[in-house]
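Data first, discussion second: the structure below is written as structure tokens.
First the proteins, then the strands, lettered A, B, ... as listed; each starts at 1. What you see is a predicted model; the values in this text were computed from it and never measured.
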Protein chains: 2
Amino acid sequence: MKPVITIHDIAKKAKVSLATVSLVLNRKGRISEKTQERVRKAVREMNYSPNYSGRILRRKCSQQIALLYYPRASAIFNNPFYSKIIEGLLERLSQNKYNIVLGNCDLSEESFTIPDYLQNGSVDALILTGDLPEKAALHFSDLRIPILLLDSFSKHLAADSLTSDGFQGVMDSIDHLVSLGHRHIAYVTHELDLYNVQTRINGFKAAIQKNSLPLLGCPLIRMPVGKNVEWLAQEVLKATRSKAPITAFVAVNDTIAFWVSHFLQKEAIQLPRFLSFIGFDDDEEYSQRDIPMTTISVPKREIGIRAAEIILTRISNSDLPLQKVVIPVSLVRRNSTVVVK
Amino acid sequence: MKPVITIHDIAKKAKVSLATVSLVLNRKGRISEKTQERVRKAVREMNYSPNYSGRILRRKCSQQIALLYYPRASAIFNNPFYSKIIEGLLERLSQNKYNIVLGNCDLSEESFTIPDYLQNGSVDALILTGDLPEKAALHFSDLRIPILLLDSFSKHLAADSLTSDGFQGVMDSIDHLVSLGHRHIAYVTHELDLYNVQTRINGFKAAIQKNSLPLLGCPLIRMPVGKNVEWLAQEVLKATRSKAPITAFVAVNDTIAFWVSHFLQKEAIQLPRFLSFIGFDDDEEYSQRDIPMTTISVPKREIGIRAAEIILTRISNSDLPLQKVVIPVSLVRRNSTVVVK
DNA sequence: TTGTATGCGTTATCAT
DNA sequence: ATGATAACGCATACAA
């Protein structure tokens, strides 16, 4: 094993003091050009890189940010939606020489305890993401580092928040369907106490009012715990045969929209002729399948970049008031929505 | 901001010295039960967690491992194959209180330089993964931390290696096809200088020999740089119309197998009746689409766990000889392979 | 069994 | 413009 090079070695080699080396490397103080060059030369030749632990011990900042995905960190690797977000996030963070730390932290566990790495100074901030229930977020209310709720929000947790505009997205969806002549539209969602779900449902209700749609023809179909998407599809099917039969549905996300449509097709329902539908997120994975789906496009990469900027700002300035940033979304029309029959 | 609790505060509160607190927390030395309990109580009450930087400065080990995915770290989030591997990896690492560090490090860049966080002691080891070309791996030959090549191998880099058994996998694929009566089988792959590709091609050649298949009827179809999968599909199509027409193809992975089959179906080729095919990896994403695919199943989660164990062992014992671990794979028969017509 | 003292590698303050 | 020195928080060799 090669010996570890320290700032002492550089100082000796460049025939200056520790302080000078440090000043050169951190671009502080006015060191003469000649000395600077001598130091830099030594650094280059010995391939010196300032020791991480020594540095963060002094600076009190680790240049690392923890990323927690609900429910388990590792699940984030399988999610096309977050994948794009994290691409932007990581790129922007690394511009400021920040890295992401991934630890296993099962937020769904009953006996949840904060892991050490979130409170021993090894990370400067925490990004919480995934479909994060309010209850899970509250675990972190005593943390001493700033928190960013990425794609969620909590009234009770002092944290910045960055979400896409679910309210507007659903409003736009309904408006689009109404413009195609639909008046009976269901909203289809999973049954979870999530900020995003609530916001989108609010958008649904507001859109019903705005367009004066009949309440009876616009059911809210929620999936109870223990049921699966097949059950949901059955409920949608029932709604097409009710007294005020629906002619379209809007789903809380592309995944649910796709799988409901999938099961309906298995039941020999003609889509979209018999039933128009709209998703949310614009995940390639689902929205580009056999029936290219009309959906709400979310600027994922930009969200990641914005998230990085919010958390970096917060780290360098903890006094700023908490932010709640909402990113605009836009409807992408494809083939799953047609003029009402 | 609440004050930061240090070992001094605990010592004072428990009325012992710093050393005693440290000894209790690290389970060293024989401290009396009574003292231990006093210390633990103070730790609990003050919610103390030993400062990360102080600790790693002394211990000279950061309990962190860098994960680099080729070509860019962020791309790993979109890969169903690695997603499962990392699930196992992260779980096993965190049992030993190790976290994963993700930095942006574009290995495909011309002017590649090793980022600081790989050589300043902020990580104890490096895991290189993705379809890593030999050339890219060599960038790291001067690193002072141990390296694990996950799903790749290099003769020229001193690193442990963990791969799945591509040779055996392709042998099994061909054997299976032969048992169904196929004698003209193409091997379809991308044109990259990858260890996995080479190994699998070797398996293909060995299987041809072993089964005495006609060389002319068993073309190796490689995708040159600049061409896409559609081009590849066209080449496969040509091979079905050659003098020794193929009746099956084996692809280097599920992705390519799926997309080639997809394009062939668009050309109105009846699959698998007209052409059997086999993938590699058993990614749900692709292998469970419209034609459930016969493929080589790779124990991804176990590979992740094994990777964690190899790297943890290496960290704690750098003298061990380098390991090259090969994980067995198994053929899963589904519907894409049928008896030759 | 417990306490004292030192050093890990860095940055920053204060002299010179 | 540069150097000496004191922290930062912890672990450990050694002393008591």
Inset, instruction - Using distance alone, with no hydrogens and no angle criterion, decide if A:Arg59 and A:Asn26 have a side-chain donor and acceptor under 3.5 Å apart. - result: yes
Legend entry - C:dG9 OP1/OP2 closer than 4.0 Å to side-chain N/O of A:Arg55: no
Inset, instruction - Among the candidates D:dT2, C:dT4, C:dT10, find the nucleotide nearest to the side-chain atoms of A:Ser32. - result: D:dT2
Inset, instruction - Name the closest nucleotide to the A:Asn26 side chain, picking from C:dT11, C:dT2, D:dG9. - result: C:dT11
Legend entry - Gap between atoms CD and P, on A:Gln63 and C:dT10 respectively (whole Å): 15 Å
Inset, instruction - Grab the OH-P distance between A:Tyr48 and C:dT11 for me, whole Å please. - result: 6 Å
Inset, instruction - Check for a donor-acceptor pair, side chain of B:Ser62 on one end and backbone N or O of B:Ser122 on the other, with a separation under 3.5 Å. - result: yes
Inset, instruction - For A:Asp131 and A:Asn196, test the side chains for any donor-to-acceptor distance below 3.5 angstrom and give the result as yes or no. - result: no
Inset, instruction - Look up atom CZ in A:Arg92 and atom CG in B:Asn104, then write down how far apart they are to the nearest 0.5 Å. - result: 12.0 Å
Inset, instruction - Would you mind reading off the distance between A:His8 atom NE2 and C:dC8 atom P, rounded to a whole angstrom? - result: 7 Å
Legend entry - Given D:dC10, C:dG9, C:dT11, the nucleotide with the shortest approach to the side chain of B:Ile7: D:dC10
Legend entry - Which nucleotide in D:dG3, C:dT10, C:dT2 has an atom nearest any side-chain atom of A:Leu18: C:dT10
Inset, instruction - Compare all side-chain heavy atoms of B:Leu162 with those of B:Asp160 and state whether any distance is below 4.5 angstrom. - result: no
Inset, instruction - Please tell me which of the listed nucleotides, C:dT10, D:dA13, D:dC8, lies nearest to the side chain of B:Ala19? - result: D:dA13
Inset, instruction - Rounded off to whole Å, could you give me the NZ-to-P distance for the B:Lys60 and D:dT12 pair? - result: 12 Å
Inset, instruction - Using whole Å, report how far OH of B:Tyr52 lies from P of C:dT10. - result: 16 Å
Legend entry - Heavy-atom check, side chain of B:Leu67 versus side chain of B:Ile86, under 4.5 Å: yes
Inset, instruction - Compare the minimum distances between each of D:dG3, C:dG9, D:dA11 and the side chain of A:Thr6, then state the nucleotide with the smallest one. - result: C:dG9
Inset, instruction - Identify which nucleotide among C:dT11, D:dT12, C:dT10 has an atom closest to any side-chain atom of A:Ser22, counting heavy atoms from C-beta outward. - result: C:dT11
Inset, instruction - Specify the residue among B:Thr20 and A:Gly54 whose closest nucleotide of DNA chain C lies further upstream toward the 5′ end. - result: B:Thr20
Inset, instruction - Write down the distance between CD1 (A:Ile56) and C1' (D:dA7), rounded to a whole number of angstrom. - result: 16 Å
Legend entry - Divergence of helical axes at both termini of the helix from C:dT1-D:dA16 to C:dT16-D:dA1 - five pairs an end, 10° steps: 40°
Inset, instruction - Answer with base, sugar-phosphate or nothing: what part of the nucleic acid does A:Thr35 contact at a heavy-atom distance below 4.0 Å? - result: sugar-phosphate
Legend entry - Ionic contact status for A:Arg44 with A:Glu37, cut-off 4.0 Å: yes
Inset, instruction - May I ask you to check whether over 12 heavy atoms, not counting those of A:Asn317, lie within 6.0 Å of atom CG? - result: yes
Inset, instruction - Could you please name the option among D:dT2, C:dG7, C:dG3 that lies closest to any side-chain atom of B:Val16? - result: C:dG3
Inset, instruction - Please state how far atom CG in A:Leu23 lies from atom P in D:dA1, giving the value in whole angstrom units. - result: 11 Å
Inset, instruction - Using whole Å, report how far CZ of A:Arg58 lies from C1' of D:dA6. - result: 8 Å
Legend entry - Selected nucleotide, minimal atom distance to B:Leu57 side chain, candidates C:dG9, D:dC10, C:dT10: C:dG9
